[in-house]
Every structure is written in structure tokens, then in C-alpha cells.
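All chains are named by letter (A, B, ...) in the order of the sequence lines, taking the proteins before the strands, and each is independently numbered beginning at 1.
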Amino acid sequence: MFKIPRGTRDFTSEEMQKRRYIEEVMQKTFETFGYKEVQTPTFETLELFTAKSGDAIIEELYSFTDKGGRDLALRPELTAPVIRFYVDKLQMEPKPLKLYYFGNCYRYDRPQKGRYREFKQAGCEIIGTDTAEANAELIAMAYKILENAGVKNLVLNIGNLNILSSLFSQFKLTKDQQKYLIPQIDKSMFEDVFDALRDFDIKKEDASILTEILQTSDIKKIENLVMGDVAKKELEELNKILSFLDKSFGIKNYQIKMSIVRGLDYYKGVVFEIEAPSLGAEKQLCGGGTYELIKLFGGKETPTTGFAIGFDRTILALELEKYEFPNPTLDVFVIPVTEEMIEKSLKITQNLREKGVKVDIDLLRRGMSKSLKYASSINAKKAIIIGPKELEQDSVTIRDMETGKQDLKKIKDIEKIIK
RNA sequence: GCCCGGGUAGUGUAGCCUGGCAACAUAUGGGACUGUGGAUCCUCUGUGGCGGGUUCAAAUCCCGCCUCGGGCCCCA
């Protein structure tokens, strides 16, 4: 017996039905926002990912050397590949460029619920604009995608990294000091942040201002506390985004959260995340923001914002919320009563299939009773019984599997009745 | 990578503490009701994650590994 590799999954037809359905809903939402689908390879050069995230991520990558000696890696995410694609081939496309994608990604992590070594992401990037309306539209789309997919309990947090970094520079914190603070901010350990700031010789008042800003979700309060032109200007932008979300997109269910940091290295400006609180440790469904990667990849700098949605987690959240996925059904199950009927039955089956009807036929030469039972267990809507009695009159028996009602119908009329 | 809890037919479970023939339900295949279902009955197949140790004897006790789950770490 062979075992499935750790952290990977097989999907049953029931699960695939759910996944395809949700993927379609997401895809439609992307399309209604004017986004176009792209696809990139499953593996890339290792360098693409180390350039973006540093050598430290090699530990969490599925990387390998191919037979030509090239260092490659299975993609751990899709932003870097898509931006590589953009820099390589799409720079002259009319702006803004709105791209979306679905793809499996691979990370060498310890698996647990909602975290797999092979997982699927849905995401997008908008290239060439960073107006408040562009950012608001993007955040709204992320929210709507999850809402349209049917997730009920969503928490949308929005922050802005430029405000944080301008405060950092105002307090003259060194890069190392910032590096020390960021993980603590990420973990909401604000007392430790305060203590650290004091250790860095920040005045008590300034330290409390910073920790206040990090903790409050009251934008007025932040307005009163924030200092410096850059931070004030960014705050104004943030305010515009929030106002668009509320007034234009009807999304009121958001919270300011200045402690979203998301690896400050290449994220700039607005950042956001959407959580499904019911999911526990791995509850983040979506993360995104504005970032600067194009220049790093050798392209002409232009604003970019994007997000990624954890597809598997979205499915998990829906299942937890007892979301009712559509049931897989079969339009017709054909039952030949005797072996002599098989040829005619296959022909009728095939005729219906050519008309686009979902039809299956008994292939085990089972009796009527077992066949009907089987038809019922696979959720067939109708059964067509084909036997000598019926054929004498050029007819078949059509049985409605829900009501149990059945009628003798002419073969030439089957198509009409089924449709 | 760390801490904790699990792993018994395809699925869901009992037995484990206190070692002694591996079992129940369900699903699947076949059959009965001789052409009408969700039923009933009969029947076949199928089970201890893997390896080692203790013992006359291990699903049961001990150790290691694998794996799933909860919590960390990480979260691009």
C-alpha cells in the first residue's frame, strides 16, 4: 500500500463538487470586477522566491535541482510569479491591469487543520494605480468574494504600514529595533512593545502614543494621536478608503487595526486581512495590501496592490457554518430490464447525452430492485425503465424518483419530458 | 522545529485501564422477494498505522518512527 504524502489530500467527488462550485462563485466575482484570469507555472526558479522573501524561506520551500542543474522551487504563493510574469511580458498592457488567478501552492510546514503542504490560493493583483478608490474596490472585492461564496462570519481588518513606518522614523528607531518590534506587534503583545520602546529611549508619552495607535480601532483617536505630515496624509487616504467601503460598497463591517504588519519588507501603505473567527488557529482567510516588488524584479516601478484567499480555509469555514452546498444529481438513470434490452437502452442513453442530459445506465446487469435502489442512492431525478413490454409499444417507463409516479412514454418523446 | 491528544474493516465505533479466539453497526459486491426503490432477510469480501521490546500469550503494557488533530513557531 502506498500512502499519500504528508500534508496532501485526495478529494472525493463530493468534495470536488463543493470546490468547483465555490471556485466558480469566486471566479464570477473576479470577472464582475473586471479582473482577467492568468496562470503561471507550478514551479519557478528558486531565486524568484529568495529575492522576494530572503534565504530564510528556503526551509519552508519544496525546492530541488533539476537534471540540468537548475535550482527550482514549487511556488509557495502566487504574487511573486504573477509579478515576474508582469515584468517579463505585461508591462506595456493598458493600466490599470487587473489580474486574478487560482493555483496550488506548496509549503513545507507542519500540517494541521486549515494548513496543508499542498493548498490552493485564489488571488489577484491590480497594477498601475494606488488611488483610494482602487484600494477600496480591491478590498471590497475580497470581502464580496467571501460573502458571495457564502461565508457568514467575517472580520475585516484594515491597517496602513506607512503610518507605522513614519512613526518609526519619527522616533528615530533603527532598522534592527524595528525588526525586533514587528513580530511583537504582529502578536498583539503591546505591553512588550511598550517596554521595548522604553528600552530604546523613547519618551514615555511617545511610547504610549504608539501603543495606543496600534490598539485602537477608533480612527478619530488615531487622528488625534498621529504626528507628522506623511502619517497624516496616509491617514487621510485610509479615511477615504473606509468611506468608499461604507458609502459605495455597503461594507460597514470593518475595523481599523494598525497592528497588521505582514512582513514590512515589501508591503507598503494599505494592508488588510479577513478572518473567519470560527476556524481557530488557522483562521485567516485572506490577506493583502500594497507592495513594492516590480522594481525588485527589474521592472519599472508602478503601484501594485493584491490579495490572496486561502481556498481550502474558505471551504472549511463554509463547512463549519453548515453551508448547504448544492447536491450532486443525475438527470436520468436508465435500467434495461433484460439483457436483450441493453443495446436499445445504450442507444437511448447516448441520444440523451448528446442533448446534454446527465445520464447513467446500469452496467452491472442488476435486477430492477437493486437498480432502482442504486438510482436513488446516487440522487437520480428520473429513472427510465426499458423492457420488452414497453418496447412493443415503442415506449419506455419514466419514473420520477422523488414522487414515485411513473408513466409509459413514447421513445421519441423522452427528450421533451426529461427537459 | 516544540508541547499535548489520538490512530481498530471503505466509514462510524466497542474492546485497551485489569494482556487470553478481534467484534458491532453501516456501506460495498452477490443472492431471496422471478419487472418497481429508500425496507426486510441471507451471504461473500474486508480491520489492530509501521517497527522493535516485555510475556507462554500483545489491539491491550513499554520504546522508537509515521501520521492525523489541538496549541505554539511560521504565515510570503
Contact between [X] and [Y] at the side-chain level, heavy atoms closer than 4.5 Å - yes or no?
{"X": "Tyr180(A)", "Y": "Asp199(A)", "value": "no"}
{"X": "Asp109(A)", "Y": "Phe119(A)", "value": "no"}
{"X": "Pro111(A)", "Y": "Arg9(A)", "value": "no"}

Item to complete: Between Tyr374(A) and Leu61(A), just flag the one whose closest nucleotide in RNA chain B comes earlier from the 5' side.
Response: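 Taking each residue's closest nucleotide, the earlier one in sequence belongs to Tyr374(A).
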Worksheet item: Which comes earlier along RNA chain B counting from the 5' end, the contact point of Tyr106(A) or that of Glu402(A), where each point is its nearest nucleotide?
Response: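 Comparing both residues, the 5'-ward one is Glu402(A).
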[atom1]-based separation of [M] from [N] [nearest Å]:
{"N": "U28(B)", "M": "U11(B)", "atom1": "P", "answer": "15 Å"}
{"N": "C4(B)", "M": "C73(B)", "atom1": "C1'", "answer": "15 Å"}
{"N": "C24(B)", "M": "C33(B)", "atom1": "C1'", "answer": "27 Å"}
{"N": "U55(B)", "M": "A23(B)", "atom1": "P", "answer": "28 Å"}
{"N": "A25(B)", "M": "C61(B)", "atom1": "P", "answer": "26 Å"}
{"N": "U8(B)", "M": "A14(B)", "atom1": "P", "answer": "11 Å"}
{"N": "G12(B)", "M": "C68(B)", "atom1": "P", "answer": "15 Å"}
{"N": "A22(B)", "M": "C63(B)", "atom1": "C1'", "answer": "25 Å"}

Fill in: Ionic contact status for Arg115(A) with Asp312(A), cut-off 4.0 Å
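Salt bridge absent between Asp312(A) and Arg115(A).
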Round to the nearest Å and state the distance from [X] atom [atom1] to [N] atom [atom2].
{"X": "Ile182(A)", "N": "C74(B)", "atom1": "CD1", "atom2": "P", "answer": "13 Å"}
{"X": "Gln184(A)", "N": "C73(B)", "atom1": "CD", "atom2": "P", "answer": "12 Å"}
{"X": "Gln121(A)", "N": "C75(B)", "atom1": "CD", "atom2": "C1'", "answer": "10 Å"}
{"X": "Arg84(A)", "N": "A76(B)", "atom1": "CZ", "atom2": "C1'", "answer": "16 Å"}
{"X": "Lys382(A)", "N": "U36(B)", "atom1": "NZ", "atom2": "C1'", "answer": "17 Å"}
{"X": "Asp109(A)", "N": "C73(B)", "atom1": "CG", "atom2": "P", "answer": "13 Å"}
{"X": "Asp10(A)", "N": "U11(B)", "atom1": "CG", "atom2": "P", "answer": "12 Å"}
{"X": "Leu296(A)", "N": "A76(B)", "atom1": "CG", "atom2": "P", "answer": "16 Å"}

Cut-off 3.5 Å, no hydrogens considered: what does the side-chain donor-acceptor table look like for residues 379-386 of chain A, sequence neighbours left out?
{"unit_1": "Lys381(A)", "atom_1": "NZ", "unit_2": "Asp331(A)", "atom_2": "OD1", "d": "3.1"}

Choose from [options] the nucleotide whose nearest atom is closest to any side-chain atom of [X].
{"X": "Glu390(A)", "options": "U36(B), G30(B), G69(B)", "value": "U36(B)"}
{"X": "Arg115(A)", "options": "G1(B), C74(B), G35(B)", "value": "C74(B)"}
{"X": "Pro111(A)", "options": "C68(B), C66(B), U36(B)", "value": "C68(B)"}
{"X": "Lys113(A)", "options": "G37(B), G70(B), U36(B)", "value": "G70(B)"}
{"X": "Thr397(A)", "options": "A39(B), U36(B), A76(B)", "value": "U36(B)"}
{"X": "Met368(A)", "options": "G30(B), G35(B), C74(B)", "value": "G35(B)"}
{"X": "Val337(A)", "options": "G49(B), G35(B), C74(B)", "value": "G35(B)"}
{"X": "Arg110(A)", "options": "G37(B), C74(B), G1(B)", "value": "G1(B)"}
{"X": "Gln112(A)", "options": "G35(B), G30(B), C73(B)", "value": "C73(B)"}

Which part of the nucleic acid, if any, lies within reach of [X] when heavy atoms closer than 4.0 Å are counted: base, sugar-phosphate only, or nothing?
{"X": "Gly114(A)", "result": "nothing"}
{"X": "Lys187(A)", "result": "sugar-phosphate"}
{"X": "Glu59(A)", "result": "nothing"}
{"X": "Gly404(A)", "result": "base"}
{"X": "Gln406(A)", "result": "base"}
{"X": "Arg75(A)", "result": "nothing"}
{"X": "Ile385(A)", "result": "base"}

Discussion item. So, using ring pair (Phe, Tyr, Trp, His ring centres under 6.0 Å) as the criterion, who are the partners of Phe249(A) when residues are at least two apart?
Written reply: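 For Phe249(A), no residue satisfies ring pair (Phe, Tyr, Trp, His ring centres under 6.0 Å) once neighbours in sequence are set aside.
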Practice prompt. Dot-bracket notation for RNA chain B is requested: 5' to 3', Watson-Crick or G-U wobble pairs only, both distances under 3.5 Å, with ( ), [ ], | and . as defined.
Written response: ((((((((.[[[[.)....(..]]]]..((((.......)))).....[[[[[..)....]]]]])))))))....
Have [X] and [Y] got a donor and an acceptor in their side chains that come within less than 3.5 Å?
{"X": "Glu118(A)", "Y": "Tyr106(A)", "value": "yes"}
{"X": "Tyr101(A)", "Y": "Gln121(A)", "value": "no"}
{"X": "Glu354(A)", "Y": "Gln350(A)", "value": "yes"}
{"X": "Tyr100(A)", "Y": "Glu31(A)", "value": "yes"}

Item to complete: Please state whether the base of U36(B) and the side chain of Arg399(A) form at least one donor-acceptor pair under 3.5 Å?
Response: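 Such a pair exists between side chain and base.
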